[in-house]
A.B. asks: 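Please find one structure pasted underneath; my questions will follow.
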Amino acid sequence: MRPSPGRILFLIAVVLAALLIFLWWSDIILVRKCESHGGEWDADARVCRIALPAIHGTWT
């Protein structure tokens with residue numbers, strides 16, 4: 001007996017929802033992008049901290 005199309009669509013929706021929840025919880029995509037730009041991921045604030053080099057000289 002074949003599974004019904006409604007059941008298959010429901011299972012696909014459940015898997016996609018679980019994937020979305022995992023990506024939101026882990027911030028894995030944001031962490032990878034932050035690291036590729038030379039930053040450090042601050043998990044508490046959920047931001048990428050990038051240290052800019054000091055610029056020597058004076059403004060005129």
Side-chain angles (χ1 to χ4, degrees):
M1 188 168 153
R2 293 183 341 170
S4 67
R7 184 174 284 174
I8 292 172
L9 290 175
F10 176 74
L11 290 175
I12 290 172
V14 167
V15 169
L16 290 176
L19 179 63
L20 181 64
I21 289 169
F22 172 75
L23 290 175
W24 179 265
W25 171 77
S26 68
D27 294 326
I28 194 71
I29 295 172
L30 298 174
V31 172
R32 299 282 185 229
K33 283 186 175 187
C34 179
E35 290 173 353
S36 71
H37 288 88
E40 182 179 332
W41 183 252
D42 182 358
D44 293 332
R46 295 183 79 183
V47 295
C48 182
R49 307 240 186 248
I50 298 176
L52 298 175
I55 300 174
H56 299 287
T58 60
W59 292 90
T60 57

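Given the structure is predicted, the values throughout are model-derived calculations rather than measurements.
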A.B. asks: Hey, quick one: are L23 and W25 part of the same hydrophobic cluster, counting side-chain heavy atoms closer than 4.5 Å, chains of contacts allowed?
C.D. replies: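 Linked within one cluster.
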A.B. asks: Is it the case that over 12 heavy atoms from other parts of the model lie below 6.0 angstrom from the CD1 atom of I29?
C.D. replies: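 For I29, atom CD1 is not crowded (no more than 12 foreign heavy atoms under 6.0 Å).
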A.B. asks: Using the side chain to side chain contact (heavy atoms under 4.5 Å, CB included) rule, pick out the option among V15, V14, L16 that qualifies with I12.
C.D. replies: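 So, applying the side chain to side chain contact (heavy atoms under 4.5 Å, CB included) to I12 and each of V15, V14, L16, only L16 qualifies.
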A.B. asks: Can you sort out the partners of R46 under side chain to side chain donor-acceptor pair (under 3.5 Å), two or more places apart, ordered by chain and number?
C.D. replies: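 Listed in chain order: D27.
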A.B. asks: Quick one: closest heavy-atom pair of R49 and D42, and the distance?
C.D. replies: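 So the two residues come closest at NH2-OD2, 2.9 Å.
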A.B. asks: Rounded to the nearest 0.5 Å, what's the gap from CD1 on I21 to CH2 on W24? Could you check?
C.D. replies: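 So the CD1 of I21 and the CH2 of W24 are separated by 11.5 Å.
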A.B. asks: Hey, could you give me each pair passing disulfide (SG to SG under 2.5 Å) that has a residue in residues 9-48? Not counting sequence neighbours.
C.D. replies: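 Counting only pairs at least two positions apart or across chains, the disulfide (SG to SG under 2.5 Å) contacts touching residues 9-48 are C34-C48.
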